[in-house]
*Asks:* 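Take this structure, written in structure tokens, and hold onto it; I'll ask about it next.
Every number for a ligand or one of its atoms is a count from 1 in the order of the listing.
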Amino acid sequence: MQPLVTRFPPSPTGFLHIGGARTALFNWLLARQQQGTFVLRIEDTDRARSTQEMTNAILEGMTWLGMDWDQGPYFQSERTDIYNKYVDQLLETGHAYYCQCTPEQVEAMRTKARKEGRKPKYDGTCRERGLGPGPGRVVRFKTPLTGKTIYEDLIKGSVAVDNQELDDFIIRRADGSPIYHMSVVVDDALMKVTHIIRGDDHESNTPKQVLLYKALGFDVPQFGHVPMILGPDKKKLSKRHGATSVMVYRDMGYLPEAMINYLARLGWSHGDQEIFSREELIEHFSTDHLGKSASVFDMDKLNWLNAHYIKEADIDRLAHILAWHFERMGYADLDKDFLKTIIPLYQPRAKTMQEMADQALFFILDAQAIEYDPKAVRKFLKPEHREHLRNLHARFANLPTFDQKSLENVAAAYLEDQNIKFKAIAQPIRVALTGKTVSPGLFETMEALGKEQTLARMKRAMELPEE
Ligand code: GLU
């Protein structure tokens, strides 16, 4: 049997987006499962819109998601001669012809056809003229006038298109550059691609490409067109719905394994299982379970998965990621060991690493840099609260070991002496330590902050101007 080869051929005219990453993932999973080959090809034939920056961004996205490639990246911009050789072959074998109709003439044909209730297409003026090359002449493919083009779609089943519906489409522009259908077919054939999973926005291209494969004498690969991803309003996912670039999800604090798990489930299923390790995805992936209907991008589900993977993740790794987020917020060179002590306080509940960084910011600031929420100060740092802080400060200061248990004992004794409830001191201490009213457990927080910072913050809170 022919070895399985899949490919991901992004155009570097934009970042790696959610839809592209999902397509890449399905192809990658299929290749990994079948011990096949995964080819990465940069379709940069649109010189005006393709940039090196976008190419780098796409490679960065693939790498971040852990989708490694076995061949490439190939660059189509370096392969023009190859495509042209095959255009010439089609001319020689009578599958293509030169056409000298101007774009205005072609537009007029289309308008006329529309008026007459026919499908707007090139009317074949030059089809049998036997023209040779010349300035302003494009090369058109000689689409059969009758019959059907048929292919088996892995997802949609058998597809048959009347050739009459198709145009004599251009395969080489007047400036000598081959067009997308030509480059994609030649590359897929030469790179021995056997399976092409792509978005169904390409479905209308497929019959034309199948005709090209056949005319060039190449084997037609297996196509599978996955339905689009929709936003919550059931319209095609776009910037209006929020971030579409994969790397923005990294910046928002999502873990790559959560993204991969999430993307895999956008259009693919394995029973009712939701959580998949990378190994499980590779093991279970099958094109048989790619869905026919569009999937809706669901942020809540992504958050749920991300929270799951944050819970599961290794602390050393999370410390590294958290440090990265802090660095982006302007706090560089943080002590990793310190970050490792605060991560467990957030790990059970954090939805994203950025959220963790935002919430844990007070930990890495010096007592003098804490920003106090004026509302919290008004409510929880009244004179009577400050009195408690002063008393507790003195007691905490005497502690030889500054751990949760000892802190709790000191607090309990104080509550008893004063005959007050925990409530009377909890928020005042929390606001003193963090500047706000929400934080992880009080004593855990104090232990993680350490004696010096805890006492310094209580002192600062006592001395804050009254609101
Ligand atoms: N470069 C095309 C795109 O980014 C790929 C088309 C294909 O998968 O054949 O849409």
*Asks:* According to the salt bridge (charged side-chain N to carboxylate O under 4.0 Å, His left out) rule, which pairs have a member within residues 283-301, sequence neighbours left out?
*Replies:*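 Non-adjacent pairs meeting salt bridge (charged side-chain N to carboxylate O under 4.0 Å, His left out): Glu274-Lys301.
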*Asks:* So for Arg7, does at least one of its heavy atoms come nearer than 4.0 angstrom to any atom of ligand 1?
*Replies:* yes
*Asks:* Under a 4.0 angstrom heavy-atom cut-off, which atoms of ligand 1 come close to Arg198?
*Replies:*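 With Arg198 as reference, the close atoms of ligand 1 come out as 7 (C), 8 (O), 9 (O).
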*Asks:* Considering only residues two or more places apart or on different chains, which pairs with a residue in residues 3-27 satisfy salt bridge (charged side-chain N to carboxylate O under 4.0 Å, His left out)?
*Replies:* Arg7-Asp188
*Asks:* Would Lys436 and Asp373 pass as an ion pair if we require N to O under 4.0 Å?
*Replies:* no
*Asks:* Side-chain donor-acceptor pair under 3.5 Å between His225 and Glu203, yes or no?
*Replies:* no
*Asks:* Give the residue, atom name and distance (to 0.1 Å) of the protein heavy atom nearest atom 10 (O) of ligand 1.
*Replies:* His202 NE2, 2.9 Å
*Asks:* Where is the nearest protein heavy atom to atom 4 (O) of ligand 1: which residue, which atom, and how far?
*Replies:*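 Looking only at protein heavy atoms, the one closest to atom 4 (O) of ligand 1 is Ser11 OG, 3.3 Å.
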*Asks:* With the threshold set at under 4.0 angstrom, would you say Tyr180 reaches ligand 1 through any of its heavy atoms?
*Replies:*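 For ligand 1, residue contact (heavy atoms, under 4.0 Å) with Tyr180 is present.
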*Asks:* Strictly by modelled atom types, are Glu60 and Asn56 linked by a side-chain donor-acceptor pair under 3.5 Å?
*Replies:* no
*Asks:* So, Arg198 versus Thr206: side-chain donor-acceptor pair below 3.5 Å or not?
*Replies:* yes
*Asks:* Among protein heavy atoms, which sits nearest to atom 5 (C) of ligand 1, and what does the distance come to when rounded to 0.1 Å?
*Replies:* Pro9 O, 3.3 Å
*Asks:* Val184 heavy atoms, cut-off 4.0 Å: which ligand 1 atoms fall inside?
*Replies:* 9 (O)
*Asks:* For atom 1 (N) of ligand 1, which protein heavy atom lies nearest, and how many Å away is it?
*Replies:* Glu43 OE1, 2.6 Å
